[in-house]
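One structure is given here, and the rest of the page talks about it.
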Amino acid sequence: MAIVDRIGAALDRSPGGVILTGVDALADWARGKSLWSMPMGTACCAMELIAASFNKFDFDRHGTFPRPDPRHTDVMIVAGTITYKMMPAVKRLYEQMPDPKWVIGMGNCTVSGGIFYYDTYSVVRGIEEFLPVDVFIAGCPPRPESLQDGILRLRELIEQESIAPGKRRERPLTLPSPEDGCGEGE
Amino acid sequence: MALDVESRQVVETAEGEVFDQLVVNVGPSHPSTHGVCRVIVHLDGEIVTRAEPVIGYLHRGIEKMAENRTYLQVVPLTDRLDYVGSMYSNWAYCRTLERLADIPVPERAEYLRVIVCELQRIASHMMAIGANGADTGALTLFVYAFDQRERVVELFEALCGQRLTYNYVRPGGVSYDVPDGWIEDVRAFTTEHRSALAEMDKLFFGNTITRGRLKGVGVLSAADAVAWGASGPVARGSGVNWDLRKHDPYSVYPRFDFDIPTGTEGDCYDRARVRLYECYESCRIIEQALAQMHSGSYRTEGLPRLIAPPPGDAYDHIESARGALGIYLVSDGSPRPYRMKVRSPAFCNLALLPMLSEGHMLSDLVAILGSLDPVFGEVDR
Ligand code: SF4
């Protein structure tokens, strides 16, 4: 736990006191708290993605707010089947997101192709073929609660990372393209 | 994302008028395209001169996959066709299979199918109306409508354990009987839903902004609706009184007393309003079905695991929330379908988009697309 997490307790003990912490620790603590998401909903799972951000489940209270513009977002939630025709668009949107960025794969289709693993010629068998995914959520479709759990897990992951030089997690800047042999159908 | 279209073109009309045309690409990832639709829009200023939908971004090959599955294994695949209304695809497929293989269905199962499908119609229409509102700037309506949809989804979850892909209607019946207290919950829901509908009617359809945004936009004449094969609320919004529940009655629908709401103008407003009134009718049907339903078996016992219908073909259709949904099956006598073909109402309705959006503003395009209510799982299959 970063020192900033204990600010409240420290202030209780000595009101008006001074807290010393590193800039990187403060930034690390802050950046996981408000993950704006790029809802990359393509199929059935997108319905649960919508459900997660509306009335009953209410994503906003976790600080996660859907913004359908990649340039405003931190995390791309890929919800639904990705076909070979859709893959270049997803990749392009991912590349348009500013760093640091994360990816959540929602639903079996993003894990492995799910129900579309066998016998079909047009579905990418798991988005890990072309995207660096941080959290996968299983289910067909996963419940909105699972998605919220996924966001909380991602936060834990982000807290383990640091913006300090040398501790940064390196991300591939360009993604493999179909010409490199990624995502070839069976 | 402009992919491969020239973004600026000089066009000469037939009258010799020369103007600069701007080509804008909308989608495939766009919050207002209801999934993965891409529309290439040619603009003269802000007026759409041509809108070309590009589909296939969700083509998963379900029809082809069905040829490698046994007849029972196809049922979960049909869930993924129209994922806003999975019950319909389940039912359409099962009806065709029952016709092909001559499988009897107990009466209680027919009633349960009618009840879940009418609930599904409410859920689906709530999504459509809400999205229509959200696209035209009334996000409040989406919140109201989604609340109602969530209630239905909870009822389905109590019934079959899934929120979205139900796999509930099975060949020869349904997968589970109703749990304790479910029927009372449905009754309570229909009462509550009626007052919610009245509220939405006032909030949205009486609203000046809504009227301004939707009235007179995307007018579809009755003759065009018939000629282009439109069905469901899209055709009925134009005043075509055609509903398979009445005009090719199936299951136990002839036993219910209900009306078919139709529009007069054929614009976006009428299409959305028809959906709203259909929800009232669905409530009526559900209440009658609950009153008429007797206890008994909810599925045919003793069906083999591997159903192998005799060689031949069959087609059957039902009225889904989007229109006439038909499934065509060909059997060669083996336990796997030789061919499955889906007649998708969403696909036929989407074909109207270029015609309806011509001459309107770019911002009306999303309203028109929303009023056609396509679901891309079914359009692309
Ligand atoms: S995981 Fe299941 S529910 Fe989600 S997109 Fe794939 S088929 Fe649809």
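Convention: sequence-line order gives letters A, B, ...; per-chain numbering from 1. Small disclaimer: the values here were computed from a predicted structure and weren't measured.
Using a 4.5 Å cut-off between heavy atoms, A:Phe116 touches chain B through backbone and side chain atoms alike. For chain A, no part of B:Gln73 is nearby; none of its heavy atoms comes within less than 4.5 Å. With a threshold of 4.5 angstrom between heavy atoms, A:Ala46 does not approach chain B through any atom at all. Heavy atoms of B:Glu67 lying under 4.5 Å from chain A are absent altogether. For chain B, the nearby parts of A:Cys140 are the backbone and the side chain; heavy atoms of each come within less than 4.5 Å.
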Please walk me through it: do B:Leu164 and A:Glu48 pass side chain to side chain contact (heavy atoms under 4.5 Å, CB included)? CA-CA 8 Å; B:Leu164 201 64; A:Glu48 292 298 67; 4.2 Å; yes
Could you please spell out the steps behind the side chain to side chain contact (heavy atoms under 4.5 Å, CB included) verdict for A:Met47 and B:Met127? CA-CA 10 Å; A:Met47 299 300 300; B:Met127 189 73 206; 3.5 Å; yes
Take A:Ile115 and B:Arg80 through the test side chain to side chain contact (heavy atoms under 4.5 Å, CB included) and record every step on the way to the result. CA-CA 10 Å; A:Ile115 189 170; B:Arg80 275 98 188 149; 4.0 Å; yes
Does the pair B:Arg38 and A:Met86 meet the rule for a side chain to side chain contact (heavy atoms under 4.5 Å, CB included), with working shown? CA-CA 11 Å; B:Arg38 176 175 161 215; A:Met86 190 67 193; over 6 Å; no
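Under 3.5 Å, the side chains of B:His59 and A:Tyr84 contain no donor-acceptor pair of N or O atoms.
The two residues B:Leu58 and A:Thr42 come nearest to each other via the heavy atoms CD2-O, 3.4 Å. Across B:Gly61 and A:Ser122, no two heavy atoms sit closer than the pair N-OG, 4.0 Å.
With A:Asp119 as the partner, the salt bridge (Lys or Arg N to Asp or Glu O under 4.0 Å) test is satisfied by one option alone out of B:Arg60, B:Arg69, B:Arg336: B:Arg69.
With rounding to the nearest 0.5 angstrom, the OG1 atom of A:Thr83 is 8.0 Å from the CG atom of B:Asp380. The distance from the CZ atom of B:Phe142 to the CD1 atom of A:Ile50 is 5.0 Å, given to the nearest 0.5 Å.
In this structure, the side chains of A:Phe57 and B:Glu150 come closer than 4.5 Å at one or more pairs of heavy atoms. Between B:Asn68 and A:Tyr118 the shortest side-chain heavy-atom distance does not fall below 4.5 Å. At a threshold of 4.5 Å between non-hydrogen side-chain atoms, the residues A:Lys85 and B:Pro28 do not count as touching.
Of the listed residues (B:Gly56, B:Gly377, B:Ser86), the one with the most heavy-atom contacts under 4.5 Å to chain A is B:Gly56. The candidate from B:Lys64, B:Gln162, B:Arg163 with the greatest count of non-hydrogen atom pairs under 4.5 Å with chain A is B:Arg163.
Few gaps surround CZ on A:Arg61; more than 12 heavy atoms of other groups in view lie less than 6.0 Å from it.
Salt bridge status for B:Asp147 with A:Lys56: absent, with no side-chain N to carboxylate O gap under 4.0 Å.
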